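Working notes, beginning with the structure itself.
Side-chain atoms are counted along with the backbone in the values below, which use heavy atoms only and exclude waters and symmetry mates. Just so you know, these numbers come straight off a predicted model, no measurement behind them. Lettering of chains follows the sequences in order, A, B, ..., and the numbering in each one begins at 1.
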Protein chains: 2
Amino acid sequence: MAEQRYSRQRQAILEAVKSSHAHPTAEMVHQAIRAKMPSISLGTVYRNLKVLSANGEIKPLYGDANNLHYDGRCDDHPHLVCTHCHQVYDMPDEWVKRLGPLDEVSTRHEIDFVDITFYGVCEHCRTNKTKEVEFS
Amino acid sequence: MAEQRYSRQRQAILEAVKSSHAHPTAEMVHQAIRAKMPSISLGTVYRNLKVLSANGEIKPLYGDANNLHYDGRCDDHPHLVCTHCHQVYDMPDEWVKRLGPLDEVSTRHEIDFVDITFYGVCEHCRTNKTKEVEFS
DNA sequence: ATAGATGCAAACGGTTTGCATAGAG
DNA sequence: CTCTATGCAAACCGTTTGCATCTAT
C-alpha cells in the first residue's frame, strides 16, 4: 500500500462517521462536515470513505438499496433497515453469534464475513403512521 | 391493486428470472430475452422486475453493492456474494433457521424479514487465482 | 373501446474521475 | 522538494420516466 497522508479532511470524515449513530451516507457526511469546513467537496468525501473502508477503519453497509451507508463500528453486528424512512439501526450481535463459526458455513467457498440485515418498520415510523414513504 | 395484463414481455421476464440460477441483474435478463425477442427494451425489463417484485413473484437482492440482482426463489434463504467475481450463490436455509423466530428479535421495531448474506471467495475464483477483480 | 404495457430516448441521481493546485511529510 | 490529497466539474452508469403507440382484455 502506498504511503498515506492524514489530511484535515480525512480526519474530519473519519471523525464524522465514528461519532454518528445514524450510519450516514456520503451526502450526510458531507453536510455534517460543511458546517465547520465549508470548502470540503463531495468528491473528497466519496474518495475518503473508500480509503477508510479499505483501511478497515469504517464499514460500508449495503442493506439499503437506495444509498450506500457507512458504519463507524467495525465489529460484526446486524442492522435494521426501516422500509419506511430508510434509517439504519444497530442490532445486538447476539444474532450473529447464533449462526456459529463461519468456517462451518461452506467447504467449497471461502467465507470471510456475514451480513445480517433485518427489514421492517422502526419504532419511530410505527407510531408516526402519517409518513408513508415508499421503499423500493 | 390495479388490473394487470400478462404481456409476452412480462411472461418472458418472469420465466427468465425463475429459470436462471445466476441471480440475474436487469441487464442480464435483457440480454437473455433478446435472443428470442430482439425488440424488448431495457426499460420494459426494469419496469417488470419492479412489478414482479411487488407481486412477490421474484425477490430483489441488495447484497452486491454494484448491481441489483433478482432471485426467482422467493423462500427465505441466504446468499454468498463473491467479492472477486460478484456472482451470487444460494446457500442452505439452515442458517436462517438458526436465528430463530423473527418476532423475538425486537419488541420496539416491527421486523418483517431478514437477509443473511455471506461474503467471500467462491469456489471458482478460489482456483482461478488469476483473475483479480476488485470489489468495492 | 379502454386502459395497461411497450419501445424509445431523454432525464436522473449517486458515484467516480481527470486535472490543475494545495498541502502533508 | 515530492508526491498524496483536494476542489471543481465533467463524465459515468445503473435506473427511472415521459410520451406516442401498441395490445391484452
Ring-ring centroid check B:Tyr89 B:His79, cutoff 6.0 Å: no
Using the test salt bridge (charged side-chain N to carboxylate O under 4.0 Å, His left out), find all partners of B:Lys97 that sit at least two apart in sequence or belong to another chain. B:Asp93
Whole-Å distance between C:dG25 P and A:Arg10 CZ? 10 Å
CG-CZ distance between B:Leu52 and B:Arg47, expressed to the nearest 0.5 angstrom: 13.0 Å
Do nucleotides 20-25 of chain D as a string where each nucleotide becomes B, S or -: B if the base has a protein heavy atom under 4.0 Å, S if just the sugar-phosphate does, - if no protein is that close. ---BBS
A:Leu99 and B:Arg98 have their tightest heavy-atom pair at O-NH1, 2.9 Å
Considering only heavy atoms, which members of residues 17-47 of chain A lie under 4.0 Å from some atom of DNA chain D? A:Ser39, A:Ile40, A:Ser41, A:Thr44, A:Arg47
Would the B:Tyr62 and A:Tyr62 ring centres measure less than 6.0 Å apart? no
Find the distance A:His69:NE2 to C:dT15:C1' and express it as a whole number of Å. 14 Å
side-chain hydrogen bond (donor to acceptor under 3.5 Å, both in side chains) partners for A:Thr25, two or more places apart: none
Does a side-chain N-to-carboxylate-O contact under 4.0 Å join A:Asp75 and A:Arg73? yes
Any chance you could lay out the side-chain hydrogen bond (donor to acceptor under 3.5 Å, both in side chains) test for A:Thr117 and A:Asp115, step after step, and finish with the verdict? CA-CA 6 Å; A:Thr117 304; A:Asp115 173 80; 2.7 Å; yes
A:Leu68 has an atom CG; how far is it from atom P of D:dG14, in whole Å? 16 Å
Could you state the atom-to-atom distance from CG of B:Asp64 to C1' of D:dG14 in whole Å? 12 Å
Whole-Å distance, A:Leu49 CG to C:dT17 C1', equals 16 Å
The bend of the helix from C:dA1-D:dT25 to C:dG25-D:dC1, taken between the axes of its five terminal pairs at each end and rounded to 10°, is 40°
Looking only at side-chain N and O atoms, does A:Asn66 come under 4.0 Å of OP1 or OP2 in D:dT15? no
So which one's nearest nucleotide on DNA chain D is more toward 5', B:Asn67 or A:Ile13? A:Ile13
How long is the line joining NZ of A:Lys50 and C1' of D:dT6, in whole Å? 18 Å
Under a side-chain separation threshold of 4.5 Å, the hydrophobic residues clustered together with B:Met28 are none
Which pair of non-hydrogen atoms, one from A:Cys122 and one from A:Cys82, has the smallest distance, and what is that distance? N-SG, 3.4 Å
Please give me the minimum heavy-atom distance between A:Leu49 and A:Val17, naming the atom from each residue. CD2-CG2, 3.9 Å
